[in-house]
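In each ligand, atom 1 is the first atom listed, and ligand 1 is the first ligand listed.
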Amino acid sequence: MDSVVIIDSDSEFHTTKSEFIIPSIKFEDIVEEFRHFLMEIYTKRRAHWLSVFDSDYRKLKCQVRFIQEIMDGKPVVSCKKVLVGELRRRKYEAFAKSVDATKTKDEDEKHDTGDDINASNINDNDHGCLFGRSIKSSSTVSKSKIAKRKAEHNELEPLSEKDMWCKDLDDEYAPTAMRSHKGGLWLWLPLSNSAMFTKDHTSHVAYERVYEPAEDSFLLLDILSSASETAFLQSRFFTTSPDPLVIEIGPGSGVVIAFLAAHASTIFGTRNILTGAVDMNAHACVATTETVRRAISSNAATASAAFLGAVQGDLLAPLRDRSVDVLVFNPPYVPTAELPSRGGSSRDGNGYKGEREAAGNSFEEDSYLLALSYAGGKDGMETTDRLLDGLPRVLSDRGCAYVLLCAQNKPEEVKERVRRGGWRVETVGSSGKKAGWEKLQIIRIWRE
Ligand SMILES: C[S@@+](CC[C@H](N)C(=O)[O-])C[C@H]1O[C@@H](n2cnc3c(N)ncnc32)[C@H](O)[C@@H]1O
């Protein structure tokens, strides 16, 4: 890592080069100077994660109970309204939309008692964790997932703030300290690793209908912040004007574009970048806006605050000609017999008919939105091919694009096709961890 973010004990942020770090600091010195500051951070962190683990655990238990009871024929699934009444009668816990993770235990217990089971503050969507998924996807909620959440909660609960800090130090994910050249002590906040970054900023995302970050998302974060890609991006955008426009197509939860916005100065060599996103899924657009907001506010020293927004749209359609400097796409890349469509709907110029009319959060609607995030049609390339065809129109003269491919997309053939279009293209990273069709790679496409 070339640049690091440091914070002094007056909470002032600085960036510096890693070669200026003098790591031989006594642990006791750090404790002494940063105790209050660190303990405050860990108190917040502890409360946040205990609440997330607990809420997830109870939600998963509800889902398993629901599946079991459906299989036993207990609640009769006729229409959503009847089912909601039945769930209330059976004292299913209600989870208020979007605030599940941060809701306090007291509030949840109130729902548990059933005292206000008919109260107007519980609406149909409060059982969304059950309706939001198809029975098929719910059946993957296994006992081991529940046990995992419970274990995470139990592991964290007895830890003090200081224990957490020590554990982070063991895992090499901890603030460490260094002496500044003036002799004072500075704390070094390392760039969070990709999984941790995701965990920290996406607890609001409804994964029933928005793609949950996975190995492909993490690979993008790792590659975009790698030494070679930051060198490439900085050489292209550090000194040039106007400020570069960075767009993610299909942001899903928003974790990738949030990472780029939050670490702008480390990745692009400047905080003066503009970011934005386009997704077909309106829920993804809402989630992205919040993920970016959270990531920017917790990375004040390196972030670009100029997020233009997330727009619902089809691939490059909302973008102006030659306007994009950096484009990122983790596409729906799994080969499927056909592309997803809503029952009986057909494409029209503005997307899918029915998309604008879709009401509520039906099984079908959520299944469609999730299919949109992975189903890639023939060779998994139908959507990616449409995007590649559109690149000459939207990329600026200095523009480049990062596109993720899996082995079944036939990456060598894809790269050859791109080259024939007059572009340079190179594989800049691969997952290398998984064999078979899931093996992933990221290609960079650019003009000299
Ligand atoms: C594999 S997910 C990637 C999500 C996120 N970028 C990540 O890496 O975690 C693909 C995303 O592309 C979106 N998508 C699929 N087809 C699209 C299209 N034609 N136009 C815009 N977005 C699309 C999906 O809704 C989904 O959010």
Side-chain angles (χ1 to χ4, degrees), residues 194-195 197-199 201-202 205-225 246-261 275-292 295 309-319 324 326-336 338-342 345 347-352 355 358 365-377 380-391 394 401-406 408-409 429 431 438 440-442:
S194 43
F197 180 90
T198 304
K199 252 182 153 191
H201 300 107
T202 57
V205 182
Y207 290 126
E208 296 87 8
R209 52 191 73 98
V210 175
Y211 184 77
E212 182 165 2
E215 193 198 358
D216 45 5
S217 330
F218 302 147
L219 181 65
L220 266 172
L221 301 196
D222 291 343
I223 297 307
L224 288 167
S225 58
V246 181
I247 295 290
E248 181 177 13
I249 305 296
S253 65
V255 70
V256 177
I257 193 68
F259 184 82
L260 293 176
T275 50
V278 179
D279 203 300
M280 283 278 273
N281 178 348
H283 301 285
C285 296
V286 174
T288 294
T289 304
E290 176 60 11
T291 306
V292 173
V311 188
Q312 185 183 16
D314 182 23
L315 295 180
L316 310 173
L319 302 171
V324 181
V326 180
L327 187 136
V328 180
F329 190 33
N330 176 7
Y333 56 75
V334 176
T336 49
E338 51 193 29
L339 287 178
S341 68
R342 289 197 171 92
S345 67
R347 294 286 309 272
D348 68 13
N350 300 315
Y352 287 92
E355 191 154 32
E365 172 69 1
D366 290 347
S367 303
Y368 163 74
L369 293 174
L370 284 184
L372 204 56
S373 66
Y374 69 83
M381 279 301 292
E382 288 190 37
T383 303
T384 308
D385 275 339
R386 284 202 297 123
L387 176 116
L388 294 175
D389 289 346
L391 285 183
V394 297
Y402 290 88
V403 179
L404 186 137
L405 301 172
C406 78
Q408 282 200 343
N409 299 155
S431 74
E438 264 189 303
L440 306 171
Q441 65 171 272
I442 292 168

(message) Starting from atom 27 (O) of ligand 1, what is the nearest protein heavy atom, named by residue and atom, and what distance separates them?
(response) Asp279 OD2, 2.7 Å
(message) Tell me the closest heavy-atom pair linking Ser431 and Glu215, and the distance in Å.
(response) CB-OE2, 3.2 Å
(message) Can you name the atoms of ligand 1, numbered from 1 with element, that are less than 4.0 Å from a heavy atom of Glu248?
(response) 6 (N)
(request) Measure the distance from atom 12 (O) of ligand 1 to every protein heavy atom, then report the residue, atom name and distance (to 0.1 Å) of the closest one. (result) Gly250 CA, 3.3 Å
(message) Between Thr291 (side chain only) and Ser253 (backbone N and O only), is there a donor and an acceptor less than 3.5 Å apart?
(response) yes
(request) Quick one: look up the protein heavy atom nearest atom 17 (C) of ligand 1 and list residue, atom name and how far away it is. (result) Met280 CG, 3.5 Å
(message) My understanding is that only one of Ile442, Leu440, Thr384 makes a side chain to side chain contact (heavy atoms under 4.5 Å, CB included) with Leu405; could you say which?
(response) Thr384
(message) Using every non-hydrogen atom in the two residues, find where Met280 and Leu372 come nearest and quote the distance to one decimal.
(response) CB-CD2, 3.6 Å
(message) Using only atom types and a distance under 3.5 Å, with no angle test, would you say the side chain of Glu248 pairs donor to acceptor with the backbone of Ile257?
(response) yes
(request) Considering heavy atoms of the protein only, find what lies nearest to atom 1 (C) of ligand 1 and give residue, atom and distance to 0.1 Å. (result) Ser373 O, 3.1 Å
(request) Starting from atom 20 (N) of ligand 1, find the nearest protein heavy-atom neighbour and note its residue, name and distance. (result) Leu315 N, 2.8 Å
(request) Work out which heavy atom in Asn330 is nearest to a heavy atom in Ser217; give both atom names and the distance. (result) ND2-N, 3.9 Å
(request) For the pair Thr288 (side chain) and Gly252 (backbone), establish whether a donor and an acceptor sit closer than 3.5 Å, ignoring hydrogens and angles. (result) yes
(message) Distance alone, cut at 3.5 Å: any donor-acceptor contact between the side chains of Asn281 and Tyr211?
(response) no
(request) Return the minimal non-hydrogen interatomic distance between Phe197 and Phe259, and the atom names on each side. (result) CZ-CA, 3.4 Å
(message) Return the closest protein heavy atom for atom 3 (C) of ligand 1 as residue, atom name and distance.
(response) Asn330 O, 3.4 Å
(request) List every atom of ligand 1 that sits less than 4.0 Å from any heavy atom of Asn281, numbering the atoms from 1 in the order shown and giving each element. (result) 25 (O)
(message) With nothing but distance in play, are any N or O atoms of Val255 less than 3.5 Å from an N or O of ligand 1?
(response) no
(message) Keeping Thr336 on the side-chain end and Gly377 on the backbone end, is there a donor-acceptor pair under 3.5 Å?
(response) yes
(request) From the options Val205, Asp366, Val286, Leu369, select the one residue that forms a side chain to side chain contact (heavy atoms under 4.5 Å, CB included) with Val210. (result) Val205
(request) For atom 9 (O) of ligand 1, find the nearest protein heavy atom and state the residue, atom name and distance (0.1 Å precision). (result) Ser217 OG, 2.8 Å
(request) Check Pro331 against ligand 1 and report side chain, backbone, both or neither, counting heavy atoms closer than 4.0 Å. (result) backbone
(request) Would you confirm whether Asp385, through its side chain, and Glu382, through its main-chain N or O, come within 3.5 Å as a donor-acceptor pair? (result) no
(request) Below 4.0 angstrom from a heavy atom of Asp314, which ligand 1 atoms are there? Numbered from 1 as shown, please. (result) 18 (C), 19 (N), 20 (N)
(request) Could you tell me which atoms of ligand 1, counted from 1 in the order shown, lie closer than 4.0 angstrom to a heavy atom of Val256? (result) 8 (O)
(message) Out of all atoms in ligand 1, which are within 4.0 Å of some heavy atom of Gly252? Include the element for each.
(response) 4 (C), 27 (O)
(message) Contact between ligand 1 and Ala214 is defined here as a heavy atom of the residue under 4.0 Å from a ligand atom; is it met?
(response) no
(message) Please confirm whether Gly313 approaches ligand 1 to less than 4.0 Å, judged on its heavy atoms.
(response) yes
(request) State if Pro251 counts as touching ligand 1 under the rule of any non-hydrogen atom under 4.0 Å. (result) yes
(message) Contact between ligand 1 and Arg386 is defined here as a heavy atom of the residue under 4.0 Å from a ligand atom; is it met?
(response) yes
(request) Note the single closest protein heavy atom to atom 15 (C) of ligand 1, along with its residue, its atom name and the distance in Å. (result) Leu372 O, 3.2 Å
(message) Any nitrogen or oxygen of Tyr211 lying under 3.5 Å from a nitrogen or oxygen in ligand 1? Just yes or no.
(response) no
